[in-house]
Number of protein chains: 2
Amino acid sequence: MAVSSKCYYALRAIYALSEHASAEPLKIAEIAERQQIPVRFLEVILGQLKGGGFVRSRRGAEGGYTLARPPEQITIGEVMRYVDGPIAPVDCVSQSRPKECDFHGHCHFFGFWGRVRQAISDVVDRTTFADLMRENSLKHREYVGDWTI
Amino acid sequence: MAVSSKCYYALRAIYALSEHASAEPLKIAEIAERQQIPVRFLEVILGQLKGGGFVRSRRGAEGGYTLARPPEQITIGEVMRYVDGPIAPVDCVSQSRPKECDFHGHCHFFGFWGRVRQAISDVVDRTTFADLMRENSLKHREYVGDWTI
DNA sequence: CTCCATTTCGACCGTGAAAGTCAAGATGGG
DNA sequence: CCCATCTTGACTTTCACGGTCGAAATGGAG
């Protein structure tokens with residue numbers, strides 16, 4: 001029940017690009033430093049994310065990466081699925097590519113696994129990167145604190 | 001976000017023992033056949049489950065395994081945790097052994113991962129093997145069907 | 001046009017865990 | 001005593017994860 005570190009890196013990279021929110025692209029090295037990601041590995045990851053249509057790139061000097069869509073329109077779930085594959089505790093309850101198991105139809109755990117998958121989906125598919133940023137700005141305000149009357 | 005096949009085998013083995021519900025032990029070979037588990041591997045798994053206090057064994061001819069507690073008192077979650085380790089998308093939100101990440105305190109994803117973990121726990125810790133059996137007996141009745149007025 | 005910073009592409013690789021397998025011994029019933 | 005069964009622990013094999021690396025293509029600036 002764990003996400004791969006590659007997936008977590010991908011999410012953090014997209015978060016960094018969400019924060020940047022500018023027409024100017026952000027360089028790989030910059031993203032890597034802000035989010036503590038090994039540069040060479042990040043190259044691979046961003047290449048993959050580009051293939052998935054999440055980010056765009058500009059080459060050459062002053063090049064770098066930008067989001068392909070605004071943060072409000074990217075959910076955490078879709079990134080996770082793209083990088084790590086279907087979100088499901090076992091293959092037979094994957095919504096995209098369900099795989100028949102040995103107990104066709106009378107699997108004792110089918111309903112249960114389905115509920116687990118649904119519970120996860122309910123969280124990850126309803127959270128966008130914009131939500132995440134908002135949540136963090138609120139938290140920061142709380143932390144600085146004491147400015148309300 | 002997947003459970004290991006070892007863990008799934010463990011759950012199915014305990015389910016088989018729950019169905020058996022008798023003072024007479026169930027043999028490894030029997031469990032293996034009913035639940036489609038490689039016998040040699042099941043030996044390892046049952047040994048581990050015994051160490052966790054989930055099952056008891058009786059040696060010799062007419063030996064085998066029985067549940068150490070009634071099915072109402074074993075949740076799926078505790079078995080999963082015992083076999084696969086903490087249930088958490090990332091280590092920092094594990095409730096049993098949280099591991100500090102690089103962003104002590106200001107991790108942008110901390111709250112999010114926590115909600116994911118909670119969603120999973122809500123399902124797996126509230127479901128016992130007795131619940132699972134009841135669910136399946138209901139389903140079977142539905143399938144046979146047409147007996148209600 | 002040339003130089004340099006940057007992305008791009010594909011190959012490469014070491015480690016550790018997952019998923020089993022196996023042999024030999026201990027134990028208990030008949 | 002004999003046989004069926006659990007017990008223990010070592011062993012193996014395969015593969016995905018988590019990266020690295022080198023060289024080429026590209027675009028902006030001067």
Side-chain angles (χ1 to χ4, degrees), chain A residues 1-13 16-17 23-33 35-52 54-68 80 83-86 89-91 101-102, chain B residues 1-13 16-17 20 23-33 35-52 54-68 80 82-86 89-91 101-102:
Chain A
M1 307 302 285
V3 312
S4 68
S5 71
K6 181 180 187 180
C7 180
Y8 196 2
Y9 287 155
L11 294 173
R12 302 210 316 245
L17 292 172
E24 299 310 303
L26 206 52
K27 302 178 215 225
I28 290 188
E30 183 76 19
I31 301 174
E33 197 197 359
Q35 294 289 335
Q36 311 280 359
I37 306 172
V39 187
R40 293 308 258 219
F41 198 20
L42 181 56
E43 291 176 12
V44 175
I45 293 166
L46 284 170
Q48 192 174 340
L49 287 176
K50 186 186 178 183
F54 296 101
V55 301
R56 267 196 261 275
S57 67
R58 205 164 78 188
R59 286 189 169 198
E62 302 304 303
Y65 282 86
T66 41
L67 284 186
M80 288 176 64
V83 177
D84 267 0
V90 296
D91 289 341
C101 70
D102 307 340
Chain B
M1 309 299 285
V3 313
S4 68
S5 72
K6 181 181 187 179
C7 178
Y8 196 3
Y9 287 155
L11 294 173
R12 298 204 327 239
L17 291 172
H20 189 55
E24 300 308 304
L26 206 51
K27 301 176 213 219
I28 291 188
E30 183 78 19
I31 301 173
E33 197 197 359
Q35 294 289 336
Q36 310 280 359
I37 305 171
V39 187
R40 301 298 247 195
F41 198 19
L42 182 55
E43 290 176 11
V44 176
I45 293 165
L46 284 171
Q48 191 174 340
L49 288 176
K50 184 183 178 184
F54 296 100
V55 300
R56 267 196 260 275
S57 67
R58 204 163 76 188
R59 287 187 168 198
E62 302 303 301
Y65 282 86
T66 40
L67 284 185
M80 288 176 62
Y82 183 72
V83 176
D84 267 359
V90 297
D91 289 341
C101 71
D102 307 340

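Per chain, numbering begins at 1; letters A, B, ... match sequence-line order. All values derive from a computational prediction rather than experimental measurement.
- Interface limits on DNA chain C: the 5'-most and 3'-most nucleotides within less than 4.0 Å of chain A heavy atoms are C:dA5 to C:dC9.
- If you check every strand for non-hydrogen atoms under 4.0 Å, A:Y8 touches nothing.
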N/O contacts under 3.5 Å, protein versus nucleotides 5-8 of chain D?
unit_1 : atom_1 : unit_2 : atom_2 : d
D:dT5  : OP1    : B:K27  : NZ     : 2.8
D:dC6  : OP1    : B:I28  : N      : 2.9
D:dT7  : OP1    : B:K50  : NZ     : 2.8
D:dT7  : OP1    : B:S57  : OG     : 2.5
D:dT7  : OP2    : B:Y65  : OH     : 2.2
D:dT7  : O4'    : B:R59  : NH2    : 3.2

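- Side-chain atoms of B:Y82 come within 3.5 Å of backbone atoms of B:Q48 as a donor-acceptor pair (strictly under, hydrogens ignored).
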Output, in order, the C-alpha distance, side-chain angles, deciding distance and verdict of side chain to side chain contact (heavy atoms under 4.5 Å, CB included) for A:L46 and A:I31. CA-CA 10 Å; A:L46 284 170; A:I31 301 174; 4.2 Å; yes
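- Distance B:E24 CD to D:dA4 P: 19 Å, rounded to the nearest Å.
- Nearest approach of A:C7 to A:V83, heavy atoms of both residues: CA-CG1, 3.7 Å.
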Let me have the donor-acceptor pairs involving side chains of residues 59-66 of chain B, under 3.5 Å, with sequence neighbours excluded, atom names and distances please.
none

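- In terms of modelled atom types and a separation under 3.5 Å, the side chain of A:D84 and the main chain of A:S4 share a donor-acceptor contact.
- More than 12 non-hydrogen atoms from other residues, nucleotides or ligands lie less than 6.0 angstrom from CD of B:Q36.
- When all heavy atoms of B:A68 and B:R56 are compared, the closest pair comes out as O-NH2, 3.4 Å.
- With a 4.5 Å cut-off on side-chain heavy atoms, B:P89 and A:Y8 do not count as touching.
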